[in-house]
Protein chains: 2
Amino acid sequence: MTEQKIPRATAKRLPIYYRYLNILLDADKTRVSSTELSEAVKVDSATIRRDFSYFGALGKRGYGYDVESLIKFFRKILNQDRLTNVALIGVGNLGHALLNFNFHQDGNVRISAAFDVNEKIANTIQSGVPIYPMTELRTQLEEQQIQVAILTVPSEVAQQVTDEAVAGGVKGILNFTPLRVTVPKDVRVQNVDLTNELQTLIYFLEHYNKE
Amino acid sequence: MTEQKIPRATAKRLPIYYRYLNILLDADKTRVSSTELSEAVKVDSATIRRDFSYFGALGKRGYGYDVESLIKFFRKILNQDRLTNVALIGVGNLGHALLNFNFHQDGNVRISAAFDVNEKIANTIQSGVPIYPMTELRTQLEEQQIQVAILTVPSEVAQQVTDEAVAGGVKGILNFTPLRVTVPKDVRVQNVDLTNELQTLIYFLEHYNKE
DNA sequence: AAGATATTGCAAATATTTTTCACAATTTCT
DNA sequence: AGAAATTGTGAAAAATATTTGCAATATCTT
């Protein structure tokens, strides 16, 4: 869709830039230089300029970047200009917390449907989100044209649920399951493995008390 | 502490290997080859051998790896052989879910103390974990000698709380805050920015419908 | 017990990704 | 008009990660 391939590392920084730019806007700053940004977000200024340059010439030489138009630009890039509906699959422990989690700080992401096998909570509304029984996963996803899903089911059923979700048209999965699910290659999976994060952290602590 | 620098990519795969090895053990497999592992965890077999070799010669040529002793080894490496006590700072929405989250699948991580500013929940026990008022953060961390903290406070206070935690002796922080906190360089921070993950995912979806 | 087969360990090569340098081009500021 | 600031970017460098290729060594088969 976009012309160029933006490096992963860059893409991961975009939300960070975006967030800080909004802080600047709130503080009524109208311009900002890469050096200034650099200090705030702790990324080298050359890296910032390089990152921005993937999207074309966003700044003005000798001046810096105009906060407002930069925000406007990133808003579009990051899809902040329209609502993305997201499904939450698995309303257990973590799932429930995510229902309340303020994903839509900037108003662009909304969990619009949730699914669970538990008969007791199916067909209720939790935190303003309707919970459907798992049997309706595919049809609801299709009907509501939801392309992004958050997966917080037990890992035993993760693959099976994923297949179902993909069949329902999902193209992006935020996977909280420790299982590495298999998907067609037009589907993107972002893994968030909390146990793994914690273990990796502890590993690094024990093994390099000096980096 | 350890002799060698293990690549980040390798370290991140260790818990994945470990998990799968346990599955093998449960299935009463006594040996496994890198090729076999490869298929299961979806990592090239050469990469697996490379990864393992950072820790010395763990396998036997012509035979493969002995599941049990490999597990034993990784258990140690990953600190699964002893309990790591972890503090949870901020028992809000997400924090509460993490209290119930089954971090200690393999019995090595335990949230042994939680902290919150909210007077109502301070000095109670939630999900078996004592909640202390935030004012006791530093002293309790010191007293209980906790070195790892999970940070789930509002980002406005993240830096301040971090400073306090570091003063209390914390060496590793799993940071769920969108703020990139500043810490002394002997402290390691692992960021888990859920909003960011989701935004990055959506970004990739919109911009590369084909990878 | 000999030969065939399997499989690791590892040095080196290669590939990929990310960061940084360095400076011309351009703009603003005084 | 000249000084100062700051971007944009080619190219170099650095960092990180993967893959190759094969000798060494073990097990398996007959």
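Residue numbers start from 1 in every chain, and the chains themselves are labelled A, B, ... in the order their sequence lines are given, proteins ahead of strands. Basis for what follows: all heavy atoms, side chains included, without hydrogens, waters or symmetry-related copies. None of the values given here were measured: they were computed from a predicted structure.
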Distance, rounded to the nearest Å, where Leu58(A) contributes CG and dT9(D) contributes P: 10 Å

Donor + acceptor pair across side chains of Thr47(A), Asp51(A) (<3.5 Å): no

Length of the line joining Ile6(A):CD1 and dT9(D):C1', which is rounded to integer Å: 15 Å

Protein-nucleotide distance (Asp51(B), atom CG; dG9(C), atom P), rounded to Å: 12 Å

Nearest-angstrom distance from the residue atom OH of Tyr54(A) to P of dT9(D): 11 Å

Between P of dT19(D) and CZ of Phe52(B), the distance in whole Å: 16 Å

Rounded distance in Å - OH (Tyr63(B)) to P (dA26(D)): 13 Å

DNA chain C: 5'-proximal contact among Asp44(A) and Arg50(B) (nearest heavy atom): Arg50(B)

Quiz item: Arg49(B) side-chain donor-acceptor pair to dG9(C) base, under 3.5 Å: yes

Phe52(A) ring center within less than 6.0 Å of Phe74(A) ring center: yes

Atom pair OG1/CD1 of Thr84(B) and Ile111(B) - distance to nearest 0.5 Å: 12.5 Å

Interatomic distance, Arg61(A) CZ vs dT7(D) C1' [rounded to whole Å]: 5 Å

Any Tyr65(B) side-chain N or O less than 4.0 Å from OP1/OP2 of dG9(C): yes

pair Val41(A)-Arg180(B): side-chain heavy atoms closer than 4.5 Å: no

dT19(C) phosphate, OP1 or OP2, under 4.0 Å from Arg8(A) side-chain N/O: no

Test item: Arg110(A) side-chain N/O and Leu83(A) main-chain N/O as donor-acceptor pair under 3.5 Å: no

Sugar-phosphate, base or nothing in reach of Ala46(B), heavy atoms under 4.0 Å: base

Proximity to the side chain of Pro7(A) - top-ranked nucleotide from dT18(C), dA25(C), dT7(C): dT18(C)

Interatomic distance where CD belongs to Glu36(B) and C1' belongs to dT8(C) [whole Å]: 14 Å

Residue-phosphate contact under 4.0 Å: Ser34(A) side-chain N/O, dT7(D) OP1/OP2: yes

Given DNA chain D, 5'-ward residue of the pair Arg31(B) and Thr47(B), judged by closest heavy atom: Thr47(B)

